[in-house]
Amino acid sequence: MLRHASQSLLILLLVATAVAADPAERFPDDTRLFVSIANFKSFQEKLSATSMGKLWNSPPMADFRSEFTDSQQDFSARLRRAYGFDDKQLKKYATGTFTVAGLESKPDELSMSFLIEMSAESAQKMIDEAGEQIVADGGRISDTSFPIAAKIYDLPDDQQVLYAYTDHGLLISGDVAIATRIVSGWADAANWKSLQSVAAYQRMTAAPPRDGVADIRWFADVIRLAVVMNKKEGTVSSAHPDRPPFPLRHGFAGIQGIGGFCWVSDDGFDFLNDVQIDAPPPRQQALKSLDFNAGDLTPPAFVHDTTSNTMVNRWNLRSMLANIGDVYDDITDAPGAWVATLDDWKNDLGFDLIDGLLPMLEPELVTHSDYVVDAKQERTLIAIPIQNPKLQERRVASLIYRFLRNDNKAIRSRLPRQKYDLWEIALQDKQGNSTFTRAGIMVANGRLWISTHATMVQHVVLGAEGNPLSESQEFTALTQRMQPWTTDQSFMRGFVRGDRDIRHSYEVLRSEGLEGLKRAESMYGNMLLMLLKSDEGRPQPDTDFSKLPPFADVQQYFGMIGSVGNLTDSGWTIVIGAFDRQKTD
């Protein structure tokens, strides 16, 4: 019996060791970006089974799929040009873990290395195919030395690519010096410090949020990444090369890392992401702006089941704005600008934001979006409860009046049965362009209402008919699925109907392209423009978005998304679950 128990214990330990194996031990402690897929082959199969995988491979997407694959934006083409291989070869040859690690090759550059589990025979085929591709693109075999057998190629742009088959898989690197460090470290374990030894990485990966091996685990040293990415833009002082650029310099540098886990096509989820932000106390300046409070996260009754998305976020606005000044000064490149702006408002307008308005507001933001089909209008509303509204509603309304009364573009109106004005204003960006031409702000029903469209404030305040989202079957089902990650330390809950939420931006992009998004007055449109905008070193996307299919043809693939934010001892976690709508019914 004792022998049997000992054997069982040994087997359990071996299994536990196998499950706990972490590719982070194969990369050094100064790794800035780390992404590891546990099993690339099964990951591809799972990905194809998700709603987004089915959408991409669906017949209606065929024309756009071909268009995107042929464009300069295609990731596979860029990967092939830089390293000689693409995703088709990975699908063909990779059988186990696929890991990407980014390290600093020079003070202003990030170089990527790959470690891919596959057989020796497959590795040789991939090396041969990649070599042919590199030579065809103008590269040539290099005579650079390396500690183990390897193929090294000099590329036309003065870069190099290394291929070496090792005991841990096929190593591909865009920097020979980094690859040498990695391989030499494996051979000298006594002097090797891996990413696993980094405290932030340990805190984030010590206890995965659910049983089983995650399909993806990742980690980013965001402060150093920001330094690397901003040096070429001149935002880091040459006298202080390690000083983080704005807006990280004044407090966000306390973030030790961001990382997490992802599961694909598992337990009813299309995707389940656990994002962890590691920022242990004490927190200085900007990090204090992320002052969240756990509490009730039930959407109020004015959020109806017709919503596109909604979020209840318990956030202390006074703490946020009182601690964001240095970041504001950095962005505007004007030391003291934030304090001066607040003083101007207070002295010239009689509007005291920090000690006047914000102490009268509850630490809660309810964000709610809808889509008006007839008007083709995507609208977003923020509602903030007022403390002791019977006493303080008038005071809040008075402060809003003082702030806006001298704006000659603002329009005031009085809604039926309402005590205070509805203000229509133009929200402008730094260049003076009106992102939202008729935004709205109003005090009513114990809340301060702010919206991208004044019509939405009017719609909600006048008591639009509808069934509360909190009582709907879909919200209940989604809440139940996210319940394992909801605790007494939860500060945020989100709900998204993908088939409604993305419709407006999708249809504008399809019919009018990027120029149309600039006029769409859409939150998603603005985000897409930020992602797709052209700048020096990144050309305007050459994709013909008119080849996207009509939204009605693909609407079924956009399911629901739920999210929960939690406070932790060393920061915050955001768990996001995406579901196929048909599986949630």
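Quick caveat, the model's predicted, so the values are computed rather than measured.
Residues forming a side chain to side chain donor-acceptor pair (under 3.5 Å) with Asn273 (at least two apart in sequence, or on another chain): none. Ser490 meets the side chain to side chain donor-acceptor pair (under 3.5 Å) test with Asn566; sequence neighbours excluded. Taking Arg500 as the reference, nothing meets the salt bridge (charged side-chain N to carboxylate O under 4.0 Å, His left out) condition, with sequence neighbours excluded. Residues satisfying the salt bridge (charged side-chain N to carboxylate O under 4.0 Å, His left out) criterion with Lys376, sequence neighbours excluded, are absent altogether. Ser511 is linked by a side chain to side chain donor-acceptor pair (under 3.5 Å) to nothing, counting only residues two or more places apart in sequence or in another chain. For Asp291, there are no salt bridge (charged side-chain N to carboxylate O under 4.0 Å, His left out) partners, not counting sequence neighbours. Every side chain to side chain contact (heavy atoms under 4.5 Å, CB included) that Met492 has, sequence neighbours left out, goes to Met311, Asn313, Ser563, Ile574. The salt bridge (charged side-chain N to carboxylate O under 4.0 Å, His left out) check on Arg314 picks up Glu364, with sequence neighbours excluded. For Ser570, the side chain to side chain donor-acceptor pair (under 3.5 Å) partners at least two apart in sequence or on another chain are Asp278.
Salt bridge annotation for Asp421-Arg414: present, with a cationic side-chain nitrogen under 4.0 angstrom from a carboxylate oxygen. With salt bridges taken as basic N to acidic carboxylate O contacts below 4.0 Å, one links Asp22 and Arg217. Between Lys547 and Asp63 no salt bridge is recorded (no basic side-chain N to carboxylate O distance below 4.0 Å). A salt bridge is absent between Asp407 and Lys409: the closest approach of a Lys/Arg side-chain nitrogen to an acidic carboxylate oxygen does not fall below 4.0 angstrom.
Between Leu462 and Pro416, the closest heavy-atom pair is CD2-O, 3.9 Å.
Among residue pairs with one or both ends in residues 487-496, none qualify as salt bridge (Lys or Arg N to Asp or Glu O under 4.0 Å); sequence neighbours excluded. Each salt bridge (Lys or Arg N to Asp or Glu O under 4.0 Å) pair with one or both residues in residues 457-473, not counting sequence neighbours, would appear here, but there are none.
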- Does the ring-ring contact (aromatic ring centres under 6.0 Å, His included) test come out yes or no for Phe579 and Phe271, once each step is laid out? CA-CA 7 Å; Phe579 305 88; Phe271 301 94; over 10 Å; no
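Taking the six-membered ring where tryptophan is involved, the planes of Phe292 and Trp315 are tilted, since the angle between them lies from 30° to 60°.
Side-chain contact annotation: Gln89 with Asp87, donor-acceptor N/O pair under 3.5 Å absent. In this model, no donor atom of one side chain and acceptor atom of the other lie less than 3.5 Å apart for Thr310 and His368.
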Scan the side chains in residues 446-459 for donor-acceptor partners under 3.5 Å anywhere in the protein, sequence neighbours excluded, and list what turns up.
| unit_1 | atom_1 | unit_2 | atom_2 | d |
| --- | --- | --- | --- | --- |
| Trp449 | NE1 | Ala444 | O | 2.8 |
| Ser451 | OG | Thr380 | O | 2.9 |
| Ser451 | OG | His453 | N | 3.1 |
| Ser451 | OG | His453 | O | 2.9 |
| Thr452 | OG1 | Thr380 | N | 3.0 |
| Thr452 | OG1 | Thr380 | O | 3.4 |
| Thr455 | OG1 | Gln377 | OE1 | 3.4 |
| Thr455 | OG1 | Arg379 | NH1 | 3.4 |

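Centroid-to-centroid, the aromatic rings of Phe98 and Phe43 stay 6.0 Å apart or farther.
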